[in-house]
Amino acid sequence: MATSDAQVEQVRALVATIPVGRVATYGDIAEAAGLSTPRTVGWIMRTDSADLPWHRVIGAGGRPAAHMADRQLRLLAAEGVAIRDGRVDMRGARFPFPDTPNG
DNA sequence: TTACTGACGGAGA
DNA sequence: CTCTCCGCCAGTA
């Protein structure tokens with residue numbers, strides 16, 4: 001499987017469903033989208049994340065994107081997300097994806 | 001075609 | 001806790 005367009009749309013859809021004050025990890029999104037590696041999620045994001053709340057997408061353990069961590073943390077903090085020592089407090093902030101229609 | 005790079009994640013030191 | 005190495009997939013040279 002070479003990441004069908006459906007997978008890409010799935011990832012984009014999942015990211016778009018992340019509500020305010022919540023966040024999701026690349027791994028969770030990849031898992032929910034049926035991807036085999038979170039790298040692909042990051043690829044999709046950088047490819048086109050203009051219409052997506054990219055700031056609600058973080059790395060494992062609440063690690064924000066290094067190139068724009070300040071911006072992401074700032075946006076998350078503005079939405080009410082708890083930040084701890086420059087990292088996102090996953091406790092209660094991690095958005096639980098309801099179900100994966102893709103299976 | 002091979003090699004290098006990158007919005008990642010896990011395990012080892 | 002920080003740093004490093006391997007695996008994974010897609011893009012670019």
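Owing to the predicted nature of the structure, the values given are computational and were not obtained by experimental measurement. Labels below follow one simple rule: chain letters A, B, ... track the order of the sequence lines, proteins then strands, and each chain is numbered from 1.
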Sub-3.5 Å donor-acceptor pair from the side chain of A:Q7 to the main-chain atoms of A:A2, do we have one? no
With a 3.5 Å distance limit and no angle check, can you tell me whether A:T25 reaches the backbone of A:D28 through a side-chain donor-acceptor pair? yes
Heavy-atom side-chain proximity of [X] to [Y] below 4.5 angstrom:
X: A:R56; Y: A:F95; value: no
X: A:R12; Y: A:D48; value: yes
X: A:V15; Y: A:P53; value: yes
X: A:L73; Y: A:V88; value: yes

Nearest nucleotide by nearest heavy atom, which residue falls closer to the 5' end of DNA chain C, A:R39 or A:R63? A:R63
Tell me: [atom1] of [X] to [atom2] of [N], nearest whole Å?
X: A:Y26; N: B:dG6; atom1: OH; atom2: C1'; result: 11 Å
X: A:H67; N: B:dT5; atom1: NE2; atom2: C1'; result: 14 Å
X: A:M45; N: B:dG6; atom1: CE; atom2: P; result: 18 Å

Let me know which of A:E79, A:R74, A:R71 forms a side-chain hydrogen bond (donor to acceptor under 3.5 Å, both in side chains) with A:H55. A:E79
If you check every side-chain atom of A:T3, which of B:dG6, C:dA10, B:dA7 has the closest atom? C:dA10
Candidate nucleotides C:dC9, B:dG6, B:dG9, ranked by approach to the side chain of A:T25 - the nearest: B:dG9
Does any residue of residues 71-93 of chain A have a heavy atom under 4.0 Å from DNA chain B, and if so, which ones, in number order? none
Closest approach of A:P38 to A:A30 (non-hydrogen atoms, all atoms of both residues): CA-CB, 3.8 Å
Using nucleotides 11-13 of chain C, report all nitrogen or oxygen pairs with the protein that are shorter than 3.5 Å.
none

